[in-house]
Amino acid sequence: MFNKYIKQNFINQTLNFPLRTLLISLGLTAIIGSGIRWFEIDDDFVKLLPQDIPSKIIWDDIQEDFGASEIMLIAFGNKNKDIYRKEIFDAIWDLTDSLKAQKDLIEDVISIKTLNKLKSEDGFMEVGDLFVNSDGKLTKDIDDKDIENIKTYLDHNLNVKSRIISKYDNYISIVIRPVLNTNMTETVERIKPIVKSILDEKFEVHYAGQVYITGEVPTIIKKDTSTLMVLAILLMIIILLINFRNISAVLMILMTIILSMISMAGFMGWMHNLTGLFIFKFTMMNTSMPVVLLTIANSDGVHILTRFFRESRKQKNIKNGIETTLKSLFLPIFLTSFTTGIAFLAFIFSPVEQMTGYGISIAFAIMWAWILSTTLLPSIILLKNWNLDAGYIKRESFLEKIARFIGNNISKSPKKVLYIGISIVLFSVYGFKYLEIEVNTSKFFKRGHPIRESNEFVDSELTGSMNFLINTKGNHKDPNVLNDLNNLQIYLESHPRINTTISIADIIKGMHKTIMNDSMKYYSIPESREKINNLFFMYSMSGDDDDFNSLVDDSNPTVLFTVDFNKNHMNNINFDTANVYDSFGNPLDVCLIECTNNDDEILDSEILLDFSNITDSSFTVIMSNKIAVSEFEISFTGFTDTESISVTKHFGTNNLNLRTLDPIYPYNLGHNKLAKRNTINISIDKTNSSIVHFSLLNLDTERKFKILASGNHYDNGLLTGMMQSISTKETVELVEDLENYIENNIDSNLDTQISGLAVFFRDFVNLLIQSSIISILVSILVIFIISWYFFKAFKWGVLAIIPLTCAVILNFGLMGLFGIKLSHITAILTAIIIGVGVDFAIHYISEFKRNLKNNIPLDTISKDNIDDVGYPILLDVLSNMGFVTLLFSALIPLNYMGGLMVFAMLSTSIGTLTLLASLIEINKEYLRKNK
Amino acid sequence: MKFLIVLFISIIFSMTGEELSILMDNRESPNDVSSELNMEITNKKGRVRKSKIKSISKDNNAKQILWFLSPADDKGVSYLKIEHDNQDDEIRLWLPGFKKIRRISSNKKADSFMGSDLSYEDMTSRQIKDYTFEITNSNIVLADGSHTNDNTDTPGKSYYILESTPNGIDSEYSRHVTWVEDDTYLTIKEESYDKNGNLLKLKKFKYQLIDSFNLVSEIFVENIQKKSTTKLVFSNLNINTGVKNKLFQEKNMKRLPRK
C-alpha cells in the first residue's frame, strides 16, 4: 500500500513535474514558515519545571507560606582591606535602596542596612535598626564611631555576622529574595547593571546563589550556542564540499536544512498561536532542537545526493540516476524519518511538559525534512544541468574508498569483527556501576569560569551558595519542639559542608539572652511556653511580627481530626485533647470546622460550614481528657427556612465551671437564627471529659468534616540551611543522614519535610532520567515494531535495533568509565542518540533487502551493500563532526551536547558498519532463504 | 474660659488651624474610663490575630493600664503608661512568665504597638506646641459616607479638614490630614503621610455618647504600605467610676482586675 499509493505517486510527481513539485513544496514550506511571526523565545527556566511531583508541591507550599526560598547573593569588598569603612557602608546603603526600588522583581533585600538588632535596655528587649548613628537613627550619615558600634554588635552576635560578613572581615554580602515566580534571567539582567553602577570598579564583586546561576545559564547557553553552532555549520559545509567537490550539491543540502528549520520554527509559531500553549515556545529545553534537525536533514540530503552521484555514474543518465535513487531510498528515508519522529514523540512521556512540545515540533520538522528531501531536493537536482563527465561524478571520493575498505574486511572476517564489537559493548557494560548522577547547576561550569569561581568563593568565605529547606510542623512555641529544632540545627551545623542554619529557635534564643541582660548563659530555649509567649509579646512591643515571616507562619489552620459524615449515620469523633495539648499547647485558641467532599476538595473556602445541602444525619464530637481555659468557634451558615439544626452540648459527669458559656442546655438553634450566620462560642474551664453533640438533620449527601486548629501558634516553621555547593550524590547522602537523625532523635511533636531546590532537583532529575530511560526503551520497541512491519519479518526488526541498542549501552557504559555524570541533559541526549542512530541501520537493512531481491551474489553482497550505504553513512557522520566545536563551550552541558552528538554518530555508524554488517554477513545464507 | 474666648474669636473671624486644634484638645473628657478592648489585626496575607484587653485610663489617657485577657498566649501580660509633660513617658510591661517588670523606651515612637498598625506615636496625645496647623478646607459636606467604617455618618454633615505638620519634633510622619466634625470637633478620619510624603496610614474613628461625653468606640487603621489593618472595638465602657491614681502602679500590673 505504501509503495503503491505514496511512494509511486511521490516519485512520479517529482520525476515528471519537477518545477511544479519544487513550487508546491516551497509554497507549502512558506505557509508553514509564516508561523514564525508567532514564534516566541522564553528563557524562564522555572516555568519548565514540572509542577506535580511531591517535592515540588512541598517546595511550592513552603514558598507560598514563607516567600521565595532561592536567593541571589552579591558579595563585595577588597581582599586586603576590612569592610568597616565608610565607602563600604555608603555602597551598602545605596545598593540596598536601589535594589529595594525594584519592587516588581525583588521581594526582600537583606543587608546590614535592613538588619535589626536586639538590644537589652534595662532588661527590656528593644528591637532596632543596626545601621544607625549615635542618636539611634537609621541614616546613611554615620561616622567611624557608629561603624565601630556596628562592628562591636556583630562581633558579639556571630550568628548574625556569619550570614553577611566573610571569615576575614574583607567581604560583605547583600542577599536578594526575588518575588515568587519571577523570571530569574530578567532579574539577573536588571540587577547586574545596578550593582555595577554603584560598586563601580572600586570593589571586587562576586555573584552567587541559585537565582543567579539559573538566571545566567540561559544567556550563556544562547551566546555559546549561537557562536559555536555557526562554527559547526561552517565545518559541515567544508567537509561536504571536500567530499562532494561540488558547490551546488552542498547548497542543495543546506537549502533542505534551512527550509526544514524554517518549517520547524513556523510550526511552533502556528501551534503556539492556535493552542496558546507554553510548550510551543522555544525555551532552554529546546536548545538542542536546531542541532538535531540539522543532523537529520543533513543525513537525508547526504543519502540522496551520494546515491544520485553513484547511480548517475553507473547509469550515465541524470533522470535514471535520480529515479533509481528515489526508488531505493524513498522507503528507508521515510522509515528513518518516521522512526526518528516516533522516538521524539516518546518525549510526551516526559515529566517535563515542555518536552512534549519539543517532541511534537521536532517530529513534525523531521517529517517535513523527509518531504523536502524526497520532493524539493530531487526536483532541484533534475532542474539543474549536471556534467556527467565532471570529476565529482566520475571519480570516487575518499570516503567511498574507506567504505570499500570496511566492506572488504567485513566480507573477509565477519566473525572477528563481530567478536571485537561485542567485546567492546560488553566491556562498556562494566561501566554501568560507575555511573553517577549530577545535577548541581554550579558544576555546569568548567573550573576557572567566573561563575564557578564566585560560587566557590562564597562557599569558602561566606554562608555558601546553596541552601536547603526543612519545613517544620508543630507548635513553635513549645519548648520541647524548639529544643528539638535547636538540636537539629546543631546536628546540621556539624556537617562539614553546611556553613550555617537559621530558624525561629535562633530568634527565641537571641530574645531570651537579650531579656536576661545579654547574658550568654541564657542563649537557650526558655523552659516554659509562657516565657516563650512573653518573648514574642515583648518583641511585638518594639518590633514587627512580620520580621518572622520567613521563619514561621500560622496562617494555615492545622487539621486536628477528620470525620466522614454519612447519610442517616451517627458519627462519633474522638477528640483527644491530650494530643491537642501536645501539638498546640493548652489551651486552643480557635477550633474551626472545614467541610470537604470525599475527594478532599474544600467545599467552603472560608472555613465556615455551609450546610445548605445537608439534611438528616448527626455526628458527635467527644472531647476527652483535660482541657484548660479554651474556646473554639463553630459557625453555621447557609440554612434555609425549611432546614433546621439541633446542637446539644454535654460536658461529662464533672460539671464545668462555665464562665462565658451560654447556659442553655441542650442548645437548640432554630433555623431562623441560622438563616444568616450563627456562632456558638463554647468556653471550657477544666474538665475531665466533655462531649459536644451536633445533630444535623436531613443530610442528603456524604460529607467529610475537618476540625481545624488555628491561632497564634506558629504551627508552620522553616529551617534554612546555607551550605557549600555539593554534588547530587552528597545531597542524597545528606538527606538520608538527616532523615535518620530525625527518626532517631526527634521526640516531640515536630514533623519535618526536607525540601528546597536542591532536593527538588534531585527528585526531578531522577524522574527525568527514569522517564528518559523509559522513553529510550519505548523508542527501541516502537522502532523494532515499525521495522518488523515495513521489512515484513521479525528478524529485520531485531537487526534494526541492534546497532542503536549497542550504542546506548556503549554510551552509558563509557560515561561511567570516563566519569561523565548522568544528568537530565545527558539522559535527554541519549534519547536523541536513538533518533539519529536508528537511521543507519534502516538504510543498511533496506539496501541489503534490495540487494537480496536483485539476486546480488552472496559472496559480494555485504561488500556491495557497504559500498552503497557505507559512503553516505560515513559522510553523514563526518559532516556532523562540526559539533565537536561545542566541546569548547564554557558550559559543561553544551560540551555534553557536542560530545554526545559526535559520539552518537560514531557509535551508531560503527555499530551499523561492523556489528550489524558482520551479523548479516554471517547469517546471509539464512537471510536469503527466508527473505 | 479659654474655650469661650476661642469660640468668640472663631465666630468673629474664620477659625485658624491652631484654634481648631485647641477646640479639639479642650473637648471635655471623663476623669477615668474603663473598657474592654477587642483588637483585630489582619496582615497582608489575611491572617487575623485577635486580642481582648481590659483597659483603665485616667486624665484623658495620660495614665493607662492594660491587662491582656486573650489570646491565652498573652493572658496575664499587662502594660502601664504614664505620660509626663516635661520628661519622658513611663512605659512598663509585666511579663508573668519571667515574673519581671520591664521598662520600655519611650523613644521608639514609630514602633508598632504590639504588632498592630498603631504606633506609640499614634497612641500618644499630640501636643499643640509641637505642630503647625492649617485648615485647608471647611464646611465640606460628605454625604456619601466614604470616610467612615460602615457608612453610618450623617448625610449632609460638615467637616473641617485640618492639616497638622510636626514642628521640630521627632515623628514618623511628615503630616496628617484630619476630618473634624464642625460641631463636635470629633476626629472622624485621618490620613497620615510618611516622611517621603506618601500616604502611610488611614485611620477612622467612631464614637459612643455616654453621659454627654463622646467616647471612641471603634478605631480602624489601615497601613496602606504594609497592606495590613487593625480594628479596635471598645465595649463595656464605664466612666467616672472613681479610679484612683494608685491603680497606676507596678504592683497592680501583676494581677488581673476583678470584673
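Residue numbering restarts at 1 for every chain, and letters A, B, ... go by the order of the sequence lines.
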Would you say Lys52(B) has more than 12 foreign heavy atoms packed within less than 6.0 Å of its NZ? no
Phe537(A) side, atom CZ; Trp94(B) side, atom CH2 - distance, nearest 0.5 Å: 13.5 Å
In chain order, what residues pass the side-chain hydrogen bond (donor to acceptor under 3.5 Å, both in side chains) check against Tyr523(A), with sequence neighbours excluded? Asn159(A)
Taking every heavy-atom pair that is under 4.5 Å apart, which of Lys531(A), Lys137(A), Glu530(A) has the most such pairs with chain B? Lys531(A)
Phe98(B) side chain near His512(A) side chain, heavy-atom distance below 4.5 Å: yes
Quick check: does any side chain N or O of Arg102(B) sit under 3.5 Å from a backbone N or O of Ile515(A), one acting as donor and the other as acceptor? yes
For atom NZ of Lys140(A), is the number of surrounding heavy atoms from other residues, nucleotides or ligands below 6.0 Å larger than 12? yes
Please confirm whether the backbone N or O of Asp74(B) pairs with a side-chain atom of Asn533(A), one donor and one acceptor, at under 3.5 Å? no
Residues in side-chain hydrogen bond (donor to acceptor under 3.5 Å, both in side chains) contact with Lys63(B), at least two apart in sequence or another chain: Asp59(B)
When the 4.5 angstrom heavy-atom criterion is applied to Lys99(B) and chain A, the contacting part is neither
